[in-house]
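Below: one structure, written as structure tokens.
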Amino acid sequence: MKGKFLKNERAHMMVKSQILTRGVTDPRVLEVMRAVPRHLFVSGKNRDVAYGDYPISIGHDQTISQPYIVSYMTQALALRGTEKVLEIGTGSGYQTAILAELARQVYTVEIVEPLSVYARRLLEALGYDNIAFRCGDGSEGWDEFAPYDCIMVTAAAPSIPVALKRQLADNGIMVIPVGDYRQYQELTVVRRLGNKYQIEEKLGCRFVPLVQAEKAKEGERWKNRPSSR
Ligand code: SAH
């Protein structure tokens with residue numbers, strides 16, 4: 001384990017009752033899910049329910065994903081410890097910690113600056129030195145360090161962003177929720193084989209939307225327009 005953690009009874013229970021029962025079996029994934037202190041990634045009263053079987057608010061209209069979904073998406077990447085991984089949607093940084101335990105290097109992009117700053121501080125305090133943070137629009141990926149062996153997107157996109165497909169290495173795996181953010185989405189696993197992309201829809205899920213920077217800017221312009229001429 002890269003982070004230094006005390007034995008965590010609540011995380012053991014979480015794995016036993018929510019994750020093993022639903023068929024996630026990769027022993028490396030189970031081990032880190034038992035170790036990483038999920039309660040540190042939420043605040044205030046939410047710490048009491050941090051190991052519950054649901055997503056939890058982390059402020060800024062965002063949520064930390066349900067433990068089962070974190071384990072499922074992580075298992076889908078089949079990490080062995082040598083990979084360079086791109087994560088879109090740092091959020092609380094919980095999923096980032098799980099990836100940092102299981103891969104060689106993680107690049108994580110978050111569009112809400114305070115979330116990015118907070119996650120960075122926490123993950124650095126926990127001792128992770130294999131995570132690079134960026135604040136910006138993750139639907140463009142992070143071109144500078146491409147290609148990535150794995151890409152994980154933790155916000156829903158109407159379709160798979162072209163930039164992310166391009167930044168995925170040959171034989172690489174991407175996991176991304178695809179669909180309308182107001183409804184259920186399909187958790188989708190994409191494997192790149194040369195210039196072909198093999199696409200498998202795995203299960204229904206519900207994520208917050210992947211904000212597109214251009215649209216967000218338009219919203220700002222609209223909001224800030226002069227109210228009278
Ligand atoms: N893995 C995180 C999930 C957070 S929710 C966790 O478990 O804590 C999804 C996150 O994606 C939010 O923090 C949201 O701000 C971020 N997000 C939404 N659109 C984005 C975009 N275009 N680029 C980067 N991050 C984005």
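FYI, side chains are in, hydrogens and waters are out, and symmetry mates aren't considered; it's all heavy atoms of this structure. Counting convention: from 1, in listed order, for ligands and their atoms alike.
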> Can the positive tip of Lys84 be found less than 6.0 Å from the middle of the six-membered ring of Phe145, inside 45° of the ring normal?
Replying inline: no

>> Please work out, at 4.0 Å between heavy atoms, whether the side chain, the backbone, both, or neither of Val208 comes within that distance of ligand 1.
In response: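 Answer for Val208: side chain.
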
> Between Ile176 and Pro161, what is the shortest heavy-atom contact and its length?
Replying inline: CD1-CD, 3.7 Å

> If you take all heavy atoms of Val42 and Ala50, which pair is closest and at what distance?
Replying inline: CG2-CB, 3.8 Å

State the atoms of ligand 1, each with its element, that fall below the 4.0 Å cut-off from a heavy-atom position in [X].
X      : result
Pro209 : 18 (C), 19 (N)
Leu115 : 13 (O)
Leu210 : 19 (N), 20 (C), 21 (C), 22 (N)
Val109 : 24 (C), 25 (N)
Asp137 : 21 (C), 22 (N), 23 (N)
Gly89  : 1 (N), 2 (C), 3 (C), 10 (C), 11 (O), 16 (C), 25 (N)
Ile64  : 6 (C), 7 (O), 8 (O)
Gln95  : 1 (N)

N/O of [X] under 3.5 Å from N/O of ligand 1, yes or no?
X      : result
Gly138 : yes
Val211 : yes
Ile58  : no

>> Rounded at 0.5 Å granularity, tell me how far CZ in Arg104 sits from CG in Leu79.
In response: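 Interatomic distance, Arg104 CZ to Leu79 CG, rounded to 0.5 Å: 12.0 Å.
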
Look at [atom] and find which of [options] reaches it with the closest heavy atom.
atom                    : options                       : result
atom 6 (C) of ligand 1  : Gly136, Ser92, Pro114, Pro177 : Ser92
atom 15 (O) of ligand 1 : Glu87, Arg38, Glu110          : Glu110
atom 9 (C) of ligand 1  : Thr154, Ile56, Leu99          : Thr154

> Got a salt bridge between Arg182 and Asp180, using NZ or NE/NH1/NH2 to carboxylate O under 4.0 Å?
Replying inline: yes

> Can you tell me if Thr96 has a non-hydrogen atom under 4.0 Å from ligand 1?
Replying inline: no

>> Looking at ligand 1, is there an atom of it that comes within less than 4.0 Å of some heavy atom belonging to Ala119?
In response: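 Outside the 4.0 Å threshold, so no.
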
> Looking at side-chain heavy atoms only, is the closest gap between Ile64 and Arg38 below 4.5 Å?
Replying inline: yes

> Would you call Arg34 and Met14 a side-chain contact if the rule is heavy atoms closer than 4.5 Å?
Replying inline: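 The answer is no, as the side chains (C-beta and beyond) never meet within the 4.5 Å cut-off.
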
> Are Tyr107 and Tyr148 close enough that their ring centers fall under 6.0 Å?
Replying inline: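 When the ring centroids of Tyr107 and Tyr148 are compared, they turn out to be within the sub-6.0 Å range.
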
>> Quick test of your reading: applying side chain to side chain donor-acceptor pair (under 3.5 Å), list the pairs with at least one residue in residues 4-24, sequence neighbours left out, ordered by first then second residue.
In response: Asn8-Tyr51, Arg22-Asp53

> Any luck finding a side-chain donor-acceptor pair between Thr96 and Glu87 under 3.5 Å?
Replying inline: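 Short answer, yes.
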
> Quick one: does Glu140's side chain have a donor or acceptor within less than 3.5 Å of a partner on Gly138's backbone?
Replying inline: no

